[in-house]
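Read through the structure below, which is laid out as structure tokens, and then see the notes.
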Amino acid sequence: MREPTSLAGRQLSFSKAINEALTVAMEADRNVICYGLGTDDPKGIFGTTLGLQEKFGEARVFDMPLSENAMTGVAIGCALNGVLPVMCHQRLDFFLLAMDQLVNNAAKWFYMFDGQCSVPITIRLILGRGWGQGPTHSQNLQAWFAHIPGLKVVMPSSPEDAKGLLLASIFDPNPVLFIEHRWLHNMVGDVPEGDFRSPIGPLRVAREGSDITIVSMSYMTIEALHAATYLQTRGISCEVLDLRCVNPIDWPAIFASVEKTGKLLTLDTGAATGSIAGEVIARVAMERMSSLRCAPARLAMPDVPEPTSFGMTEGFYVRAGDIATKILCMMGKEQGDVMASLPEPTPHDVPGAWFTGPF
Amino acid sequence: MTPAIAQQLLFSMKRIRHVEEEISRRYAEQAMRCPVHLCSGQEAVSAAAGLALRKDDFAVSGHRAHGHYLGKGGDLRKMLAEIYGKKTGCAGGRGGSMHLIDESVGFKGSTAIVGNTIPVGVGLGYSIKLSGTDQVSCIFLGDGAVETGVFYESLNFAAVKKLPVLFLCENNLYSVYSPLNVRQPVGRDIFKLAQAIGVNATQGDGNDAAAVYHQIAAAVADIRAGNGPQFIEFSVYRWREHCGPGFDNDIGYRSEQEYLHHRQLEPVQRLQDKLRQENILLPADIAAFDLAIQEETDAAFRFAIDSPFPSRTDAFAKIYA
């Protein structure tokens, strides 16, 4: 949903941008390897790894046993001897089997061995949502990972950032969790060519505004931009900050925006309790309380597992209409035609009508 | 085994034993303020593996790693300083006894979660395969690690990719205070599990140091020749308590009788007697070993004790590379 900046721009889908980043990385450095379940299967992890094995060979690009924990340890061991592994998981939920290797080893190694050796691994996690994927194919646990010192957690929302941040992640000397939202894979936008890297850390001002700061990440940025477009028609100017990374978080940019607007709404793709959205509110309240002219608010998923049924997920997700409604409330304005102008899409459980399942 | 290797093997075992016993003796001073898991009685595998491997081969280990570290050539002074939490320690005092490292001799790290360096060692093996060298990655593990899921996952991957990995399992019969028979079926051999996964696997007497050396050296040669991973299970016994400097036969999880039986199998004295009988060593040589070890160890403890602690601000450094 990146605003078109130039007609001459080269347009790629988010998944093609990922594929291009992997290709560029593997061409740039023969130490880069890429593996994960389905890496070389006919679907190529939603198209993101298609063609890589043909280009770079079976030693560098390979499928793997269903051993998420061991294969994370394998990545760590490889990294300790100069390899730059990129590991891919078709759902974040599958990677939960690897928490020991991630938390006890990858996140700790550099610190506990006094900085003698780092673990430059990149772990791609895909967030599921909708189409009845249900409780174990839809978990957005970025706050868990951000909570662990020593990890970096990247969550792009545009094709340009998908490429730039993945390249930066692969060549970052630390363990990086690179979290892709399934509803973004088919989004098209401008993507620079070549070895284009975006620094891990700075957020992206997705839309400038003066009345309220919206802090979001990943797919929620898309909904925030829809809401902001509508709110402009109601005379409200929203500043949309796309975090891009949830560890580290770009606090100076958030504080500067809140100082300008005096209002804060935070969005999260995960459950509300213990969320990144909550953390942003906590830090702003502690350090910029005097800038706030009304109570900050957050919109996140309810604290329940995501249900499977089409009936149960109706109205379940935070959409642009919910965001706009919350902001109108914070501004002391009537709801007006907000829900008519920003209805939940039909069907509500897919990123677009073109999506006909099953993934 | 040449006389020279036999002598080195005995020296390495005696050195490990002396260091462990000296840690035990000094632990009550409250200056080593971290858990220690001593390997007295289990020296043969550490020393033999260190001699059978090259300096540029890799090794990883778990929480009971002092012997593995010293056997592979790790720096004694830095190990003791690490246990004392000092800045001069092998991990700058951040790791303690359970997190040892000496990159200069290929000791790539030990960690405190049972089983969790097994896949790291396999990953080192994959990196060796990618780089095309003839190095070997050695993984020290215990019988408890065999019960973790990651053990099977790791062996499977090593087998499917024919990786240059040596799995050395020291079966000392206990995981903390849980005996083997509450953890694994009686009569099932650990090495046969590895065999069933497709890894060449054998068993050996971990108290017969000369045999241990031959078995490991043969396995290393086979791995270096490109024949894929090997697994060896050695029967050993943990003399001292699971964690700490003392003995714990009085707390009721193992019998004094069992303990005394295993003490008699004594790997260090056994090798020393053998080398004496074969006239590979004279009493004067042994006395010289003892003196050298004593002097080195005393100096290393002095170094550790006299070294400065890291500062409070060091705790907030080196979170990211």
Side-chain angles (χ1 to χ4, degrees), chain A residues 30-31 33 35 57-60 62-85 97-98 100-121 148-152 172-176 200-201 247-248, chain B residues 58 60 82 87 89-96 98-103 108-133 135 137 139 148-158 160-161 163 165 310 314-315 317-321:
Chain A
R30 61 183 300 279
N31 289 310
I33 65 171
Y35 65 89
E58 291 180 12
R60 291 178 65 193
F62 52 94
D63 211 334
M64 70 172 211
L66 284 96
S67 307
E68 285 81 2
N69 196 36
M71 295 309 296
T72 306
V74 165
I76 295 167
C78 280
L80 295 179
N81 194 29
V83 177
L84 300 173
L97 290 156
D100 173 50
Q101 288 301 323
L102 178 77
V103 178
N104 286 318
N105 277 351
K108 305 288 188 294
W109 209 277
F110 182 74
Y111 184 87
M112 77 184 174
F113 291 121
D114 201 32
Q116 291 174 66
C117 40
S118 64
V119 177
I121 63 176
I148 311 297
L151 300 178
K152 292 188 179 181
D172 191 285
N174 300 284
V176 181
I200 297 175
N247 187 19
Chain B
F58 298 132
V60 291
E82 188 58 36
K87 202 173 174 64
C90 60
R94 294 159 179 263
M98 295 189 286
H99 303 101
L100 302 177
I101 185 167
D102 190 337
E103 295 261 25
K108 301 293 279 183
S110 67
T111 66
I113 309 295
V114 170
N116 90 346
T117 49
I118 300 176
V120 176
V122 171
L124 286 162
Y126 195 77
S127 74
I128 291 168
K129 193 177 168 101
L130 283 174
S131 61
T133 68
Q135 290 162 281
S137 175
I139 301 164
T148 67
V150 79
F151 168 78
Y152 300 93
E153 296 182 10
S154 300
L155 257 69
N156 180 59
F157 187 68
V160 79
K161 295 285 186 188
L163 299 182
V165 179
D314 285 334
K318 299 179 184 173
I319 295 161
Y320 290 116

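These figures come from a predicted structure and were not determined experimentally. Chain letters run A, B, ... following the sequence lines, proteins first, then strands; residues in each count from 1.
Only the backbone of B:S110 has a heavy atom closer than 4.5 Å to any heavy atom of chain A. Of the atoms belonging to B:N156, it is side-chain heavy atoms, and not backbone ones, that fall under 4.5 Å from chain A. Looking at B:F58, only its side chain comes within 4.5 Å of chain A, counting heavy atoms on both sides. Interface remark: B:K129 contributes no atoms to any contact with chain A (heavy atom separation under 4.5 Å). The part of B:T111 that comes within reach of chain A is its side chain, from C-beta onward, which places non-hydrogen atoms under 4.5 angstrom from that chain. With a 4.5 Å cut-off on non-hydrogen atoms, A:A59 touches chain B through its backbone and its side chain both. Of the two parts of A:K108, neither the backbone nor the side chain holds a non-hydrogen atom closer than 4.5 Å to a non-hydrogen atom of chain B. Residue B:I118 does not touch chain A at all, counting heavy-atom pairs closer than 4.5 Å. Both the backbone and the side chain of B:A315 come within less than 4.5 Å of a heavy atom in chain A.
Side-chain atoms of B:L124 and A:L80, non-hydrogen and from C-beta on, do get closer than 4.5 Å to each other. Side-chain contact between A:F110 and B:I319: absent, with no pair of heavy atoms (C-beta onward) separated by less than 4.5 Å. In this structure the side chain of B:P119 reaches within 4.5 angstrom of the side chain of A:Q101, judged on heavy atoms.
From B:K318, atom NZ reaches atom CG of A:D114 across 3.5 Å, with rounding to the nearest 0.5 Å. A:M71 contributes atom CE, which lies 9.5 Å from atom CD of B:E153 (distance to the nearest 0.5 angstrom).
Each of B:T117, B:L100, B:I113 has some count of heavy-atom pairs under 4.5 Å with chain A, and the biggest count is that of B:I113. Interface check for chain B: of the options A:G150, A:P120, A:P173, the most heavy-atom pairs under 4.5 Å are formed by A:G150. Among B:G92, B:A112, B:G125, B:G96, the residue with the largest count of heavy-atom pairs under 4.5 Å with chain A is B:G92. Taking chain B as the reference chain and counting heavy-atom pairs below 4.5 Å, the highest number among A:C78, A:P175, A:C117 is found for A:C78. Interface remark: of the candidates A:L66, A:N105, A:N31, A:I33, A:N105 forms the most heavy-atom pairs closer than 4.5 Å to chain B.
Heavy-atom minimum distance, A:N174 versus B:A321: OD1-N, 2.6 Å. Nearest heavy-atom pair, A:W109 versus B:G109, reported as atom, atom and distance to 0.1 Å: CZ2-CA, 4.2 Å.
Seen from the ring of B:Y320, A:K152 counts as a face-on cation partner, given the 6.0 Å and 45° thresholds. Taking the centre and axis of the six-membered ring of A:F113, the NZ or CZ atom of B:R94 falls outside the cone set by 45° and 6.0 Å.
You'll find the ring centres of B:Y126 and A:Y35 outside the 6.0 Å limit.
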Can B:V150 and A:D100 be said to form a side-chain contact (heavy atoms from CB on, under 4.5 Å), step by step?
-> CA-CA 10 Å; B:V150 79; A:D100 173 50; 5.8 Å; no

